Number of protein chains: 2
Amino acid sequence: MAIASENLTKNQKTVLDILESASEPLKAYTILFDIQKKGIKSPLQVYRALDKLIEIGKVHKIESRNSYVACKHEGCNAKTSTSFLICENCDSVTELTGNNLFSYFSKQAEKNNFNYKKHNLEIFGLCENCKLKN
Amino acid sequence: MAIASENLTKNQKTVLDILESASEPLKAYTILFDIQKKGIKSPLQVYRALDKLIEIGKVHKIESRNSYVACKHEGCNAKTSTSFLICENCDSVTELTGNNLFSYFSKQAEKNNFNYKKHNLEIFGLCENCKLKN
DNA sequence: ACTTAAAATGTTATATTATAACATTACATT
DNA sequence: AATGTAATGTTATAATATAACATTTTAAGT
């Protein structure tokens, strides 16, 4: 059975909480420093919680920034594939959904006789807010 | 004026050479160990060469693997955006080109009122060779 | 309830990836 | 030759992530 957020362990909940209350992606050591009062003392405890949360799809990693973000989509199937819009000005991140991405990438891969399994897409630019300001 | 490969410096040439002769992406410290006989002694020398090569578009970074690959496209405009097919079995990497990716991502971004600047796409799966073997 | 296997934890140490700081050298353009 | 920019060399250190191992918690079956 899939693991729901209800039966997360203490450490996992602690890490997920801080990611969910953050408006931007957080780095592992930022998470660590922020929750040391809650009994988490070592990097490994953070990384282990992150690994689990990523595995069940509640958290995604932004590879180009070594940072982590909570998934806001209820039934997000991004356990494997992820697609983000990343603002270069304010570092905010929006997750793209929709299977059109999946089918588009499958096709691109097929053209090269490549068997698509999953993907990671990071689009950089300016978010709506920052577009207006500049 | 754009910097062509002819006027690369010694360190830059050394690093580019090893990347071009590799069949897979290489990690920075792998590069370092492989070229210590050529006078490069410190990580920083490798990273500086990589930075320059990336800047001029001769090398791209595979973010999810912290590794670097030489660009095989003559007039590659991927100084900013990159798109890869990455084989999970043999770690080989193929770079995708074509502006259809650009226009597709622009559209995806626009749907979210996001001003597209560049992207990084990593598609994971099985390359043609490994598909046949499995 | 007891057993047991799997998962999670706590802890210390260490590996891996990348940059800071600063003095020096090469080199193209005046 | 003078000058400014880029590149280099070197040492130290920052930032990111995992190894190893002993212990505890949890969940599932009997």
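Predicted model, so just to flag it, every value in this text is computed and none were measured. Numbers restart at 1 for each chain; the letters A, B, ... are given by sequence-line order, proteins then strands.
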cation_pi(B:Lys118, A:Phe124) dist<6.0 Å, angle<=45: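 Yes, B:Lys118 sits over the ring of A:Phe124.
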Quick one: is [X] getting a side-chain N or O under 4.0 Å of the [N] phosphate, OP1 or OP2?
{"X": "B:Thr9", "N": "D:dT8", "value": "yes"}
{"X": "A:Lys52", "N": "C:dA8", "value": "yes"}
{"X": "A:Asn11", "N": "C:dG10", "value": "yes"}

From the options [options], select the nucleotide whose nearest atom is closest to the side chain of [X].
{"X": "A:Tyr47", "options": "C:dG10, D:dA17, C:dT17", "value": "D:dA17"}
{"X": "B:Leu44", "options": "D:dA17, C:dG10, C:dA20", "value": "C:dA20"}
{"X": "A:Ala28", "options": "D:dA17, C:dT11, C:dT9", "value": "D:dA17"}
{"X": "B:Lys41", "options": "D:dA17, C:dG10, D:dT10", "value": "D:dT10"}
{"X": "A:Gln12", "options": "C:dT19, C:dT17, C:dA8", "value": "C:dA8"}

Side-chain-base donor-acceptor pair under 3.5 Å for B:Tyr29 and C:dA15: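 Checked by distance alone, the answer is no.
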Identify the two heavy atoms, one from B:Ser64 and one from B:Glu122, that lie closest to each other, and give their separation to 0.1 Å.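 Minimum heavy-atom contact is OG-OE1, 2.6 Å.
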Tell me the interatomic distance from [X], atom [atom1], to [N], atom [atom2], rounded to whole angstroms.
{"X": "A:Ile35", "N": "C:dG10", "atom1": "CD1", "atom2": "P", "value": "11 Å"}
{"X": "B:Gln45", "N": "D:dT11", "atom1": "CD", "atom2": "C1'", "value": "12 Å"}
{"X": "B:Lys61", "N": "C:dT19", "atom1": "NZ", "atom2": "P", "value": "7 Å"}
{"X": "A:Lys27", "N": "C:dT17", "atom1": "NZ", "atom2": "C1'", "value": "12 Å"}
{"X": "B:Leu32", "N": "D:dT10", "atom1": "CG", "atom2": "C1'", "value": "13 Å"}
{"X": "A:Gln36", "N": "C:dT11", "atom1": "CD", "atom2": "C1'", "value": "14 Å"}
{"X": "B:Leu53", "N": "D:dA6", "atom1": "CG", "atom2": "C1'", "value": "15 Å"}
{"X": "A:Leu26", "N": "D:dA15", "atom1": "CG", "atom2": "C1'", "value": "16 Å"}

Do B:Ile35 and B:Leu44 share a hydrophobic cluster, counting only Ile, Leu, Val, Met, Phe, Trp and Tyr and linking them when any side-chain heavy atoms are less than 4.5 Å apart?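 No; tracing contacts between hydrophobic side chains, which count when under 4.5 Å, never links both residues.
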Would you mind telling me which residue lines up with the more 5' stretch of DNA chain D, B:Asn66 or B:Arg48, judged by nearest nucleotide?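 The residue closer to the strand's 5' end, by nearest nucleotide, is B:Arg48.
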For A:Glu110, does the CD atom have more than 12 heavy-atom neighbours from other residues, nucleotides or ligands under 6.0 Å away?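 Not buried by this count: 12 neighbours or fewer within 6.0 Å.
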I'd like to know if B:Lys131 pairs up with B:Glu128 as an ion pair, taking the criterion as any Lys NZ or Arg NE/NH1/NH2 lying under 4.0 Å from an Asp or Glu carboxylate oxygen.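 Not counted as a salt bridge, because no side-chain N and carboxylate O are separated by less than 4.0 Å.
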Remember a base hit wins even if backbone is also touched, and classify B:Ser42 as base, sugar-phosphate or nothing at under 4.0 Å, heavy atoms.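 The answer is base, as B:Ser42 lies within the cut-off (heavy atoms under 4.0 Å) of a base atom.
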Hey, which sits more toward the 5' end of DNA chain C by its nearest nucleotide, A:Gly39 or A:Pro43?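 Closer to the 5' end of DNA chain C: A:Gly39.
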